[in-house]
Visitor: 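Before I ask anything, here is the structure I am working with.
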Amino acid sequence: MWKKSHLAEKYGYTHLSAGDLLRDERKRPGSQYGELIENYIKEGEIVPVEITISLLKRAMDQTMAANSQKNKFLIDGFPRNEDNLQGWNKTMDGKADVSFVLFFDCDNEICIGRCLERGKSSGRSDDNRESLEKRIHTYLQSTRPIIDLYERMGKVRKVDASKSVDEVFEKVVQIFDKEG
Ligand code: AMP
């Protein structure tokens, strides 16, 4: 199975998942945000941007400090709402360019089915039907309008993610071959 991190490496990007960074912060001993993050994740809600953006920025800065050539990032699951977008614009103004937004478009029921399947081994507190339905609600209400906004800027590259793993991979590779 291909992973976004492998794909990112192939094209010289560093893959940063907002969700993974939040889950790591949640389990970090002594984190002042652990419980808050857990509550947001279980409820399928979007964690306040101050937390997410500081984790993202720190990961980006650390990557570039270790190797200054590594300045291309595939940021996964961000921005997810207006608050995220404003936080990004404020923190990254003049520091980062957004080349394009990769949009994995998929029917809600297919997404729920795949996450329930993943839930058999993921151990994630949000891979259950109740949390997933809340996440879909959050997506439609808060995230979809952000994708529409990038669409109007001509930045969205859409992939039909309801297709098979191989077909989705092939489409993503075509996009990266073109966009670099
Ligand atoms: P994911 O790992 O992308 O499936 O995200 C899982 C959960 O982490 C989401 O339902 C949110 O609760 C939280 N999360 C992920 N990305 C963000 C983000 N950009 N801003 C705030 N919360 C996020």
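In each ligand, atom 1 is the first atom listed, and ligand 1 is the first ligand listed.
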Visitor: Looking at F176 versus Y11, is the centre-to-centre ring distance below 6.0 Å?
Guide: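 Under 6.0 Å, so yes.
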Visitor: Please indicate whether E170 has more than 12 foreign heavy atoms, meaning atoms of other residues, nucleotides or ligands, lying under 6.0 Å from its CD.
Guide: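 Open: at most 12 neighbouring heavy atoms sit under 6.0 Å from CD of E170.
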Visitor: Would you say the side-chain atoms of D160 and S162 include a donor-acceptor pair closer than 3.5 Å?
Guide: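 Indeed, the side chains of D160 and S162 share at least one donor-acceptor pair under 3.5 Å.
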Visitor: Among all residues two or more places apart in sequence or in another chain, which pass the side-chain hydrogen bond (donor to acceptor under 3.5 Å, both in side chains) test with N128?
Guide: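 Per chain and number, N128 pairs via side-chain hydrogen bond (donor to acceptor under 3.5 Å, both in side chains) with S131.
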Visitor: With a cut-off of 6.0 Å (strictly less than), are more than 12 heavy atoms of other residues, nucleotides or ligands near CD of E130?
Guide: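 At most 12 heavy atoms, drawn from other residues, nucleotides or ligands, come within 6.0 Å of this atom.
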Visitor: Anything with a heavy atom under 4.0 Å from ligand 1 counts, so go ahead and list those protein residues by chain and number.
Guide: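 These residues qualify: A18, G19, L22, R23, Y40, I41, E45, I46, V47, T52, G77, F78, R80, N84, R124, D126, R135.
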Visitor: Examine K4 relative to F104 and say whether NZ or CZ is less than 6.0 Å from the centre of the six-membered ring and inside a 45° cone about the ring axis.
Guide: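 Judged by the rule, K4 and F104 form a cation-pi pair.
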